Amino acid sequence: MSLQIHWLGLRMVKSSIGIVKCLGQESVAWFGLQRITRSPLRWPAGRDVIWSGNVRLSRDQFLSSGSMTKRLMLLEENQIAFHSEDGSIFDGVKDYSRQVAEMIGLGSDAEFHQAGVRTVLDIGCGFGSFGAHLVSLKVMPICIAAYEATGSQVQVALERGLPAMIGNFISRQLPYPSLSFDMIHCTQCSIIWDDKDGMFLIEVDRILKPGGYFVLTSPASKPTGSSSRIKKRSMVAPIEEFTENICWSLMAQQDETFIWQKTADVNCYKSRSKSASPPICNEGNDIPPYYQPLVSCISGTTSQRWIPIQNRSTEQLSSYELQSECPFAGVPQDDFYEDSQVWRSALRNYWSLLTPLIFSDHPKRPGDEDPLPPFNMLRNVMDMNAHYGGLNAAFLDEKKSVWVMNVVPVRARNTLPLIINRGFAGVLHDWYAFYFIAYYI
């Protein structure tokens with residue numbers, strides 16, 4: 001099977017204790033995890049410096065890598081330092097992020113939220129520097145990359161404390177519902193987008209929200225003059241006509257970066273000719289995507305969740321907006337409210353139990369105020385039965401610097417659209433499938 005999800009670790013800094021909320025709504029499993037080579041550095045320092053022995057990236061692999069990787073990282077004895085300021089993408093990840101923001105009409109990348117960009121799927125994310133910068137802007141990135149026997153991009157991103165998972169869509173859909181992400185980003189992600197009659201672009205269109213952005217950057221070479229113009233034209237020409245057929249518009253192009261915007265007007269599809277390709281999927285085709293084959297038709301156009309991202313510019317949906325979406329997800333509003341209250345209370349209890357373990361270098365009694373960062377040791381949590389994302393919301397309400405992978409079991413009610421619309425990371429998964437791999441690195 002070409003698409004597989006490997007959870008590469010629930011990182012708990014300076015501790016060998018893991019927390020995973022199990023399938024029972026009110027039960028939590030506590031267990032010892034295999035001790036890694038060295039405890040990761042505290043967040044946020046661990047975002048920019050990791051122990052080289054904790055990842056499968058040897059000195060020889062680093063030295064034989066391309067110039068971009070060398071500009072991205074500095075290998076010193078037993079540490080890898082990431083240069084978020086001066087050299088990860090072109091003139092630096094901050095400059096690159098600002099360039100993307102300006103190309104979609106913003107004054108700076110600090111305005112991403114104002115443009116409705118709260119969630120970004122980063123395909124082939126390298127070693128996570130773009131995602132690390134997005135986190136600093138309070139944008140939720142999810143890194144996906146193909147499995148690698150050595151030098152895993154996903155492993156490095158997770159070691160840095162960033163949301164990441166292994167996956168690709170060579171023949172299967174990604175385990176996300178239609179209309180999930182505000183932006184999809186690809187830099188040197190090694191995908192031939194016009195291959196298979198554009199099915200890869202159709203899959204991007206499926207999970208991209210109305211009014212969302214597809215950012216494609218290919219910095220493989222830097223030709224100048226006429227050769228530069230020819231290269232740029234040859235890169236975009238094969239997919240330009242196809243993107244028009246799926247109601248995308250080429251919004252901007254600068255250097256090697258192209259940005260398309262998906263239409264916010266669902267009537268665009270009705271205005272196409274009857275023989276237009278690709279066709280619109282039948283209504284029943286928009287089933288929960290879990291290892292389903294790629295499709296050659298446009299989906300999501302009849303969804304009640306067809307809401308342009310520009311109509312949702314707030315940092316986090318209000319309780320009223322969330323409860324108004326509950327009927328679309330088949331969720332009783334009272335049930336949603338009760339779930340939120342339960343997990344606020346439960347998190348306080350969990351935190352008191354965890355305190356003696358994760359604040360060992362800063363002793364405190366259960367019930368006391370938590371110390372300020374960098375003493376907050378917990379960074380990643382996997383919620384094995386996320387329900388409505390209540391545990392994730394409770395972490396945010398308590399201002400914990402934690403991100404949660406919200407897993408919705410395929411045998412449970414599909415509440416993933418509601419979770420993703422809250423701006424949280426989430427995924428569908430079958431815990432009973434034989435190809436699931438779970439391990440701690």
Side-chain angles (χ1 to χ4, degrees), residues 43-50 67-74 81-145 153-154 156-158 160-164 180-189 204 208-209 211-220 222 232 250-262 309-310 312-316 401 403 423 425:
W43 180 267
R47 178 185 57 199
D48 299 321
V49 180
I50 64 175
S67 59
M68 172 117 6
T69 300
K70 292 187 178 68
R71 290 166 53 200
L72 171 67
M73 300 185 299
L74 177 64
F82 296 84
H83 298 281
S84 57
E85 297 280 345
D86 56 356
S88 57
I89 302 178
F90 297 126
D91 296 327
V93 69
K94 287 187 176 181
D95 289 340
Y96 175 74
S97 180
R98 184 167 53 250
Q99 173 186 320
V100 170
E102 292 172 351
M103 289 174 69
I104 63 175
L106 303 178
S108 72
D109 54 6
E111 299 176 5
F112 274 143
H113 272 282
Q114 297 178 32
V117 177
R118 296 178 300 140
T119 56
V120 176
L121 183 68
D122 196 2
I123 302 174
C125 53
F127 297 116
S129 286
F130 185 55
H133 180 64
L134 291 176
V135 166
S136 71
L137 301 174
K138 301 189 183 305
V139 174
M140 170 59 73
I142 299 180
C143 161
I144 64 167
Q153 301 174 56
V154 170
V156 172
L158 283 168
R160 299 182 68 183
L162 304 172
S180 287
F181 295 98
D182 306 317
M183 178 182 286
I184 297 177
H185 175 262
C186 161
T187 297
Q188 286 185 306
C189 51
V204 169
L208 188 61
K209 289 184 179 180
Y213 305 98
F214 177 52
V215 181
L216 177 62
T217 300
S218 179
K222 286 280 197 171
K232 292 172 186 174
L250 181 58
M251 191 174 189
Q253 181 267 315
Q254 183 176 336
D255 299 325
E256 304 298 327
T257 298
F258 300 81
I259 299 181
W260 286 266
Q261 184 174 27
K262 179 176 177 174
I309 65 171
Q310 291 76 13
R312 285 181 171 168
S313 58
T314 54
E315 189 162 315
Q316 193 174 354
S401 57
W403 67 268

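Keep in mind that this is a model prediction, so the values were computed, not measured.
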Next item on the list: Please check if the side chain of Ser136 supplies one atom and the backbone of His133 the other of a donor-acceptor pair under 3.5 Å.
Entry: yes

Item checked: Flag, side chain of Gln254 to backbone of Glu256, donor-acceptor distance under 3.5 Å ->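 Not at all, since once roles are kept as given, no pair shorter than 3.5 Å links the two residues.
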
Checklist line | Counterpart residues, side chain to side chain donor-acceptor pair (under 3.5 Å), relative to Ser180 (two or more places apart) | finding: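 Here no residue qualifies.
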
Mind checking the [atom1]-[atom2] spacing from [X] to [Y]? Nearest 0.5 Å is all I need.
X      : Y      : atom1 : atom2 : value
Phe181 : Ile123 : CZ    : CD1   : 9.0 Å
His113 : Arg118 : NE2   : CZ    : 8.0 Å
Asp109 : Leu137 : CG    : CG    : 4.5 Å
Met251 : Met103 : CE    : CE    : 9.5 Å

Notebook entry, point to check: Stepwise, does the side chain to side chain contact (heavy atoms under 4.5 Å, CB included) test hold for Tyr96 with Val215?
Noted result: CA-CA 12 Å; Tyr96 175 74; Val215 181; 3.9 Å; yes

Checklist line | Trace of the side chain to side chain contact (heavy atoms under 4.5 Å, CB included) decision for Trp403 with Leu162 | finding: CA-CA 8 Å; Trp403 67 268; Leu162 304 172; 5.6 Å; no

Check: Hey, are the side chains of Phe130 and Asp122 touching, using non-hydrogen atoms and a 4.5 Å cut-off?
Finding: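 SC-SC contact between Phe130 and Asp122 confirmed.
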
Next item on the list: Could you walk me through whether Gln99 and Asp95 pass side chain to side chain contact (heavy atoms under 4.5 Å, CB included), step by step?
Entry: CA-CA 6 Å; Gln99 173 186 320; Asp95 289 340; over 6 Å; no

Item checked: Qualifying residue for side chain to side chain contact (heavy atoms under 4.5 Å, CB included) with Asp182, from Val139, Val120, Thr119 ->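 Considering Val139, Val120, Thr119, a side chain to side chain contact (heavy atoms under 4.5 Å, CB included) with Asp182 is found only for Thr119.
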
If you look at every heavy atom in [X] and [Y], which pair is closest and at what distance?
X      : Y      : value
Gln310 : Gly211 : NE2-O, 3.0 Å
Gln153 : Gly126 : OE1-N, 2.6 Å
Val100 : Met183 : CG1-CE, 4.2 Å
Leu134 : Pro141 : CD1-CB, 4.0 Å
Gly124 : Cys189 : CA-CB, 4.2 Å

Next item on the list: Under the ring-ring contact (aromatic ring centres under 6.0 Å, His included) rule, collect the residues that match up with Tyr213, sequence neighbours excluded.
Entry: none

Check: side chain to side chain contact (heavy atoms under 4.5 Å, CB included) between His185 and Cys125: does it pass, once the steps are laid out?
Finding: CA-CA 8 Å; His185 175 262; Cys125 53; over 6 Å; no

